[in-house]
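If you scroll down you'll find the structure; I have some questions about it.
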Amino acid sequence: MHIRMAPFRKTFLRKTSLVLTVFLAGLTVSSFAQKAHCRKIDVDKSSGYCTVPDPALTPGEMDPSLACVSNADRPRAVTDAEKDAILTAYGYPANTKKSSGEFDHWLPHWMGGSDTQKNIWFEPHAGKFGSYTKDKVELLLWRKVCVDKTMSLEDAKKVYLQGWTKLIPKK
């Protein structure tokens, strides 16, 4: 027995299937493009995104004399053109929602990290080790270096580069 489907429903299902396929393909391409830019050990298993930038694209750049300077005295300055170039360099599709992550400093701004493409990468919010978690680690180190003065800038940079994901504060 053959059941005949109404033309509207058939068209709706076809379009829905196409939209879902395009969405999943975009997600896969975005995740694959991102994974290609870091070592397997640096991939957040909960999101599929890298926890560190590609050192060939974002090696990090800082001026220690600017460490602990407030954001009010040293505002961040990354243009839309630079953001687009960063997304392209990392293989993200042109339609990537910039609100799904942040253009973040690899070497934190408070450490004297520069606002150039050598130090800025697109860091997704998603995952256990997304941008929000990294921000907590950066805040913890900032307090130790700039507020409490219980850690040197050099030591903070060293432990950060050895693996910021190991420094996540306990709740």
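Because the structure is predicted, anything quoted here is derived from the model rather than measured.
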**Request:** Examine the side chains of N119 and T116 and answer whether a donor and an acceptor come within less than 3.5 Å of each other.
**Result:**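 There is no such pair (donor and acceptor under 3.5 Å, judged by atom type) between the side chains of N119 and T116.
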Answer whether the closest heavy-atom distance between the side chains of K157 and M62 falls below 4.5 Å.
yes
| task | Determine yes or no for a side-chain-to-main-chain donor-acceptor pair under 3.5 angstrom, with T51 supplying the side chain and D44 the backbone. | result |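 Flag not set: sc T51 to bb D44 has no pair under 3.5 Å.
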- Message: Just checking K128: does its NZ atom have more than 12 heavy atoms from other residues, nucleotides or ligands closer to it than 6.0 angstrom?
- Response: no
>> Ring-plane angle category for F129 and W164, please: parallel below 30°, perpendicular beyond 60°, tilted otherwise.
In response: perpendicular
Between D42 and R39, is there a salt bridge with N-O shorter than 4.0 Å?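 Counted as a salt bridge, because a side-chain N and a carboxylate O are separated by less than 4.0 Å.
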**Message:** One thing to verify: whether E154 and K158 come together as a salt bridge, which I'm taking to mean a side-chain N less than 4.0 angstrom from a carboxylate O.
**Reply:**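 No salt bridge links K158 with E154.
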Margin query: Using modelled atom types and a 3.5 Å cut-off, is there a donor and acceptor pairing between side-chain atoms of D63 and backbone atoms of S65?
Written below: yes
State whether the side chain of D115 and the backbone N or O of A77 hold a donor-acceptor pair below 3.5 Å, judged by distance alone.
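A pair under 3.5 Å: yes.
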Is there a donor-acceptor contact under 3.5 Å linking the side chains of E123 and S131?
no
Take the angle between the ring planes of Y92 and F122 and call it parallel below 30°, perpendicular above 60°, tilted in between.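 Y92 vs F122 ring planes: perpendicular.
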ask   = Okay, side chain of R143, backbone of K149: is any donor-acceptor separation there less than 3.5 Å?
value =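 Judged by distance alone, no pair lies under 3.5 Å.
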task = May I ask you to decide if A126's main-chain N or O and Y132's side chain share a donor-acceptor pair within less than 3.5 Å?
result = no
Check: Is any side-chain heavy atom of W110 closer than 4.5 Å to a side-chain heavy atom of L153?
Finding: yes
Margin query: Looking at every heavy atom in both E61 and L107, which two are closest together, and how far apart are they?
Written below: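 In terms of heavy atoms, the two residues are closest at N-CD1, 3.7 Å.
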_Can a donor-acceptor pair be found, under 3.5 Å and without considering hydrogens, that links the side chain of T58 to the backbone of P55?_
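A pair under 3.5 Å: no.
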Under 3.5 Å: donor-acceptor pair, side chain of K166, backbone of Q162: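 Such a contact is found between K166 side chain and Q162 backbone.
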